[in-house]
S.K.: 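Below is the structure I would like to discuss, written out as structure tokens.
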2 protein chains.
Amino acid sequence: MNVPWEPPAGEIRLVDVLDALADPVRLALVARLASLGSEKCTDINADVNVHKSTMSHHYRVLREAGVTRTVVHGRQRWVRLRHAELDARFPGLLDSVLSAATHPVQPTARHG
Amino acid sequence: MNVPWEPPAGEIRLVDVLDALADPVRLALVARLASLGSEKCTDINADVNVHKSTMSHHYRVLREAGVTRTVVHGRQRWVRLRHAELDARFPGLLDSVLSAATHPVQPTARHG
DNA sequence: GATTTGGTTGGACAGCGATCAAACTAAACA
DNA sequence: TGTTTAGTTTGATCGCTGTCCAACCAAATC
């Protein structure tokens, strides 16, 4: 039920957030969390072809950047986005990243 | 008058853009370009306490990620944001990053 | 208490990236 | 043509980072 260290909402730094999102594995993870909500690490790991210790590393990067919150519940961890807090500090940022991650706009083909 | 290599608008990758923005020097440079428009490298370098070869490296990262366009004009280079193209592909992304970079929202103090 | 389970930590490794200095290149100018 | 100017390229350094494996740890279960 406790929460490992994370930055207070007012101290989340943009560069850290961008850096946390600038990795394919973490970006996919964030997109997944956005669509599925809170998830157990086990469930996430099951779908990712990466060692569990590597995933643990990514969880930490996201958490320490202020992107996610990890709640310890018994012997499992639940991870979810700090969506509202992030949006309060950097309005529109997370949403535009998520929309970019899931629906990048393709250029319309030119005929002629 | 020629333009060094840059990705076509439709092939700009989100991870590359985020990675390009996830550096203090480049983020500041992008914010500066957003407020001042196109600039010569010399002018930019003058205000940044970083070696010119380092700046050249940053210009390349931004350009190859699709964030900026560099136009060679005689013996000087003009750098500017590919604002419209970026916004067409990842709507709202650049603007939210710029607004986050220049006006991060501070939490309101609680009097209690 | 011993074992299983879910996840972290530490070590090792390879690769990358930010930085500076020095050498280089191409354009402009004297 | 030689020199200055604007910026790139190359080389070196050094710290960071993504990855795996092995060891560890705490909670839950037997």
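In what follows, chains are A, B, ... by sequence order, proteins preceding strands, each numbered from 1.
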S.K.: So do B/Leu93 and B/Asp87 actually touch side chain to side chain, heavy atoms under 4.5 Å?
M.R.: no

S.K.: Taking only residues two or more places apart in sequence, or in another chain, which ones meet A/Arg60 in a salt bridge (Lys or Arg N to Asp or Glu O under 4.0 Å)?
M.R.: A/Glu64

S.K.: Please list each protein N or O that sits under 3.5 Å from an N or O in nucleotides 26-30 of chain D, with the distance.
M.R.:
{"from": "D/dA27", "atom 1": "N3", "to": "A/Arg75", "atom 2": "NH1", "distance (Å)": "3.3"}

S.K.: According to salt bridge (Lys or Arg N to Asp or Glu O under 4.0 Å), who are the partners of A/Arg77, at least two apart in sequence or on a separate chain?
M.R.: none

S.K.: So do the side chains of B/His73 and B/Lys40 get within less than 4.5 Å of each other, counting heavy atoms only?
M.R.: no

S.K.: Could you identify which residues of residues 44-57 of chain A place a heavy atom less than 4.0 Å from some atom of DNA chain D, listed by residue number, or say none?
M.R.: A/Val50, A/His51, A/Ser53, A/Thr54, A/His57

S.K.: Between A/Asp95 and A/His83, is any side-chain donor less than 3.5 angstrom from a side-chain acceptor?
M.R.: yes

S.K.: Tell me, which of residues 12-22 of chain A have any heavy atom that sits under 4.0 Å from an atom in DNA chain D?
M.R.: none

S.K.: Return the value, rounded to whole Å, for the distance between atom CD of A/Glu64 and atom C1' of D/dC16.
M.R.: 14 Å

S.K.: With the 4.5 Å side-chain cut-off for hydrophobic clustering, are B/Trp78 and B/Leu62 part of the same group?
M.R.: no

S.K.: Look at B/Arg32 together with B/Glu39 and state whether they make a salt bridge at an N to O cut-off of under 4.0 Å.
M.R.: yes

S.K.: Measure the shortest side-chain to side-chain distance between A/Val48 and A/Leu29 over non-hydrogen atoms and say whether it is less than 4.5 angstrom.
M.R.: no

S.K.: Would a 4.5 Å heavy-atom cut-off, applied to side chains only, mark B/Arg82 and B/Val67 as touching?
M.R.: no

S.K.: Under 4.5 Å between any side-chain heavy atoms of A/Val79 and A/Ser38, yes or no?
M.R.: no

S.K.: D/dT9 C1' sits how many Å from B/Tyr59 OH, rounded?
M.R.: 16 Å

S.K.: Of all nucleotides in DNA chain C with an atom under 4.0 Å from a non-hydrogen atom of chain A, which is the first and which the last going 5' to 3'?
M.R.: C/dT4 to C/dT9

S.K.: Over how many whole Å does the gap from B/Arg63 atom CZ to D/dT8 atom C1' extend?
M.R.: 10 Å

